[in-house]
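Both backbone and side-chain heavy atoms feed into the values below; hydrogens, waters and symmetry mates do not. We count residues from 1, following the sequence as given.
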Amino acid sequence: MKRLMLALLTLLLTVGGYGQVSGKTGGREGRILAEPVIDKRIELLSIVFRLAGVPEYNQDNFKVYTDAIHAHFDKYKDHSCVVLAKKLSESNGIGFNAPMDLALHVSQAPDFKPVVEFNEKIPEYRWGKKNAEDFLRLLRSFYREAHCEEFFAKNAPLYKRVLERFRVVYDSVDTHWYEEFYGTPPTGKLAIIVGIGNGACNYGSKVVYPGGREDVYAVMGTWTVDEGGIPFYTHDYYLSTLIHEFNHSFINHLNEKHYGILETQGKALFQPLDALMSDQAYPSPLYMMNEALVRAAVVRYIAKHNPDKGKAEGEIRTQLGNGFIWIDELAAKLDEYEHQRDKYPTLESFMPEIAAFYSSTVKNLDRLLSKCARVKSTVGIDNNAADVSPETSEMRIIFDKPVHCEDGLAIYKDPEEKREFPAQKEGTGLSPDKTSLILGLKLKPKTSYSFRLPGLQYHTEEGYPLLDYTFEFTTK
């Protein structure tokens with residue numbers, strides 16, 4: 001799994017504000033949504049993978065807390081548990097959701113015993129049974145030897161303050177929507193865990209028990225802090241992401257079960273969008289299709305709960321920019337589903353229609369891709385040129401339509417650093433009409449150079465992304 005830093009930026013969903021739900025959640029005693037918590041299992045796995053150097057677990061949005069983590073735990077970076085975490089991250093790609101899935105499949109500290117029987121797919125396929133069991137054995141010793149209980153006790157007042165601030169989001173959730181929309185009631189609890197050491201990363205997970213009960217979790221990141229560095233939460237910033245993460249537990253298994261009728265279309269859609277999806281840690285067609293349906297369902301949630309059509313349209317625009325260039329049409333397909341519930345009582349019964357939608361989308365893929373921006377040509381240096389003069393001080397990349405870059409400018413170096421980076425700040429920027437990118441260059445003789453324009457950072461006026469572009473050349 002690619003671990004470009006861009007993935008850490010794009011995992012944070014951009015959400016538009018919309019009003020709280022009224023009359024939908026029932027009384028507090030009737031809610032199926034458990035009170036939000038800060039969970040020691042989640043925090044502990046976050047800390048271990050932070051110490052292991054895994055990038056997505058080294059964000060410092062809540063710096064007051066992450067500084068406290070480093071002050072207490074840095075002396076334990078060489079602990080065998082951390083060493084194994086680092087090894088498994090590098091060899092098996094264990095990162096992002098995998099540590100969180102393990103945390104939720106074990107009992108609370110200090111025992112950390114599996115709550116369901118582990119196998120090669122449980123708690124998560126990248127772990128495997130033996131690695132998960134070996135890690136838990138070392139995690140128990142880490143918990144004792146690193147004095148984790150002391151750290152959690154010391155930070156208990158901070159945890160309480162954070163949870164008090166998160167209640168505004170909790171009070172906004174319409175839990176009954178899940179049963180209404182998916183047609184299948186939750187068989188267990190819906191639980192919110194506030195992951196205050198996870199930065200902007202959010203995860204949806206579930207634990208399936210013998211007998212069929214499913215506990216569904218949304219592990220929420222924390223990315224907004226006040227002037228004092230303490231997190232604050234609003235439903236404008238967090239509610240859409242919360243709905244998103246719960247959606248995964250209702251959707252992922254449907255795509256997996258019906259992947260036989262989705263696979264061909266998924267591969268066709270993924271191929272031209274590979275870089276865009278991989279930058280968001282969605283490295284396969286199935287990951288992409290899970291995310292697409294989850295995000296289209298979020299659009300339907302927003303449309304149902306806010307009379308301002310602009311809010312749902314804003315969510316669509318955001319997801320277009322994230323590379324889901326068919327999201328508006330998929331959301332419209334789900335609108336059809338919602339208006340034919342006598343024919344389609346559950347979303348699963350509608351999956352053949354989703355497959356038919358994707359077949360049509362693949363046939364019209366060129367139309368959708370034409371809405372994205374592309375690099376049309378270059379001036380000054382040709383891509384893959386092998387005889388560039390080292391005296392060349394400028395080049396221009398021409399787009400087929402105007403683009404804007406929300407971060408001002410985004411040019412990525414070769415992640416493996418096999419080639420040097422040619423651009424310099426002076427003389428670099430978008431042209432006034434936004435149709436080209438001017439690069440100021442500083443070159444050396446007999447040197448290979450490379451850079452990439454990340455599509456997620458450049459968007460057309462309609463919100464569609466730039467199709468990723470990699471440029472390489474060698475000087476004489």
Side-chain angles (χ1 to χ4, degrees), residues 1-2 10 13 93 96-97 101 120-122 124-126 178 181-184 203-206 208 214 216 243-301 315-316 319-320 322-341 343-369 371-372 465 467:
M1 184 179 294
K2 296 180 182 178
T10 55
L13 296 178
F96 291 102
N97 64 294
D101 285 345
E120 292 308 305
K121 292 186 178 180
I122 298 173
E124 207 266 1
Y125 75 95
R126 281 169 286 177
Y178 289 95
F181 183 79
Y182 293 106
T184 52
Y203 305 101
S205 185
K206 67 179 177 180
V208 182
E214 297 182 358
V216 176
I243 302 304
H244 173 117
E245 297 306 338
F246 278 142
N247 279 348
H248 274 295
S249 293
F250 291 87
I251 283 174
N252 288 13
H253 71 283
L254 295 182
N255 279 332
E256 291 167 7
K257 181 177 180 179
H258 296 276
Y259 197 52
I261 60 174
L262 297 171
E263 183 175 11
T264 300
Q265 294 88 345
K267 289 180 177 179
L269 284 175
F270 186 80
Q271 192 275 326
L273 301 169
D274 184 342
L276 287 164
M277 294 299 156
S278 294
D279 276 353
Q280 298 171 86
Y282 311 138
S284 73
L286 180 58
Y287 275 70
M288 176 192 72
M289 298 183 90
N290 286 341
E291 288 295 326
L293 194 52
V294 161
R295 293 165 192 236
V298 170
V299 172
R300 297 310 307 155
Y301 181 100
E315 182 70 12
I316 287 172
Q319 302 313 331
L320 291 175
N322 285 334
F324 299 94
I325 57 178
W326 60 92
I327 195 73
D328 50 344
E329 297 172 8
L330 181 56
K333 194 69 180 177
L334 292 183
D335 184 35
E336 292 180 21
Y337 157 70
E338 289 184 275
H339 285 87
Q340 300 180 73
R341 296 305 294 278
K343 185 177 180 180
Y344 303 105
T346 66
L347 184 61
E348 181 167 13
S349 67
F350 194 67
M351 288 304 291
E353 295 300 313
I354 297 293
F357 162 81
Y358 274 118
S359 293
S360 176
T361 301
V362 169
K363 292 177 183 178
N364 290 284
L365 184 55
D366 288 343
R367 172 181 62 83
L368 292 174
L369 291 172
K371 298 181 179 183
C372 300
L467 297 181

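- For the salt bridge (Lys or Arg N to Asp or Glu O under 4.0 Å) condition, the pairs that include at least one residue of residues 356-367, sequence neighbours left out, are E329-R367.
- Considering all non-hydrogen atoms of both residues, Y259 and P285 come closest at OH-CB, 3.3 Å.
- Side chains of I327 and E291 form no contact here, defined as non-hydrogen atoms less than 4.5 Å apart.
- F246 pairs by the ring pair (Phe, Tyr, Trp, His ring centres under 6.0 Å) definition with Y178, not counting sequence neighbours.
- Residues I354 and Y358 meet the side-chain proximity criterion, which asks for heavy atoms closer than 4.5 Å.
- Distance CZ/F250 to CG/L347: 11.0 Å, rounded to 0.5 Å.
- Separating the CG atom in N255 from the CG atom in N290 is a distance of 4.5 Å, to the nearest 0.5 Å.
- Looking at every heavy atom in both residues, L365 comes nearest to A268 through CD2-O, 3.6 Å.
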Check step by step if side chain to side chain contact (heavy atoms under 4.5 Å, CB included) holds for I325 and K371. CA-CA 9 Å; I325 57 178; K371 298 181 179 183; over 6 Å; no

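- Just one residue in the list K333, Q340, H339, R341 forms a side-chain hydrogen bond (donor to acceptor under 3.5 Å, both in side chains) with Y337, and that residue is R341.
- The two residues I261 and P352 make their nearest non-hydrogen contact at CD1-CA, 4.3 Å.
- Between P465 and N322 there is no side-chain heavy-atom pair separated by less than 4.5 Å.
- Put simply, CG on L254 and CG on L293 are 7.5 Å apart, with the number rounded to the nearest 0.5 Å.
- M288 is listed as a side-chain neighbour of F324, based on a closest heavy-atom distance under 4.5 Å.
- Considering only heavy atoms from C-beta on, H258 comes within 4.5 Å of E348 through its side chain.
- With hydrogens and angles ignored, the 3.5 Å screen pairs no side-chain donor or acceptor of Q280 with any backbone N or O of Y282.
- Side-chain contact between I251 and Y182 is present, with heavy atoms from C-beta onward closer than 4.5 Å.
- Nearest heavy-atom pair across G323 and L276 is CA-CD1, 4.3 Å.
- With hydrogens and angles disregarded, no donor-acceptor distance shorter than 3.5 Å links the side chain of D335 to the backbone of A331.
- Residues G183 and T346 come closest through the heavy atom pair O-CG2, 3.6 Å.
- Using a distance-only test at 3.5 Å, with no hydrogens or angles considered, no donor-acceptor pair links the side chain of S205 to the main chain of D101.
- Of the possible polar contacts, none joining the K206 side chain to the E214 backbone as a donor-acceptor pair under 3.5 Å is found.
- Put simply, OH on Y287 and CG on N252 are 9.0 Å apart, with the number rounded to the nearest 0.5 Å.
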Checking N97 against R126 for the side chain to side chain contact (heavy atoms under 4.5 Å, CB included) test, could you report, in this order, the C-alpha distance in whole Å, the side-chain angles of both residues, the deciding distance, and whether it holds? CA-CA 10 Å; N97 64 294; R126 281 169 286 177; 2.6 Å; yes

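- Q319 contributes atom CD, which lies 11.5 Å from atom CG of L330 (distance to the nearest 0.5 angstrom).
- Without hydrogens or angle criteria, E120 side chain to Y125 main chain gives no donor-acceptor distance under 3.5 Å.
- For the pair T361 and Q265, the minimum side-chain heavy-atom distance is 4.5 Å or more.
- Classification of R295 and E315 as a salt-bridged pair fails, no side-chain N sitting under 4.0 Å from a carboxylate O.
- Every residue two or more places apart in sequence or in another chain that forms a ring pair (Phe, Tyr, Trp, His ring centres under 6.0 Å) with Y344 is listed here: F350.
- The main-chain N or O of A355 is found under 3.5 Å from a side-chain atom of S359 such that the two form a donor-acceptor pair.
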Checking V294 against E245 for the side chain to side chain contact (heavy atoms under 4.5 Å, CB included) test, could you report, in this order, the C-alpha distance in whole Å, the side-chain angles of both residues, the deciding distance, and whether it holds? CA-CA 8 Å; V294 161; E245 297 306 338; over 6 Å; no

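- If you take CE on M289 and CG on L269, they are separated by 6.5 Å, rounding to the nearest 0.5 Å.
- In this structure, the side chain of S278 does not engage the main chain of A275 through any donor-acceptor pair within 3.5 Å.
- Around NZ of K267, the count of heavy atoms belonging to other residues, nucleotides or ligands within 6.0 Å does not exceed 12.
- Side-chain contact between L334 and V299 is absent, with no heavy-atom pair separated by less than 4.5 Å.
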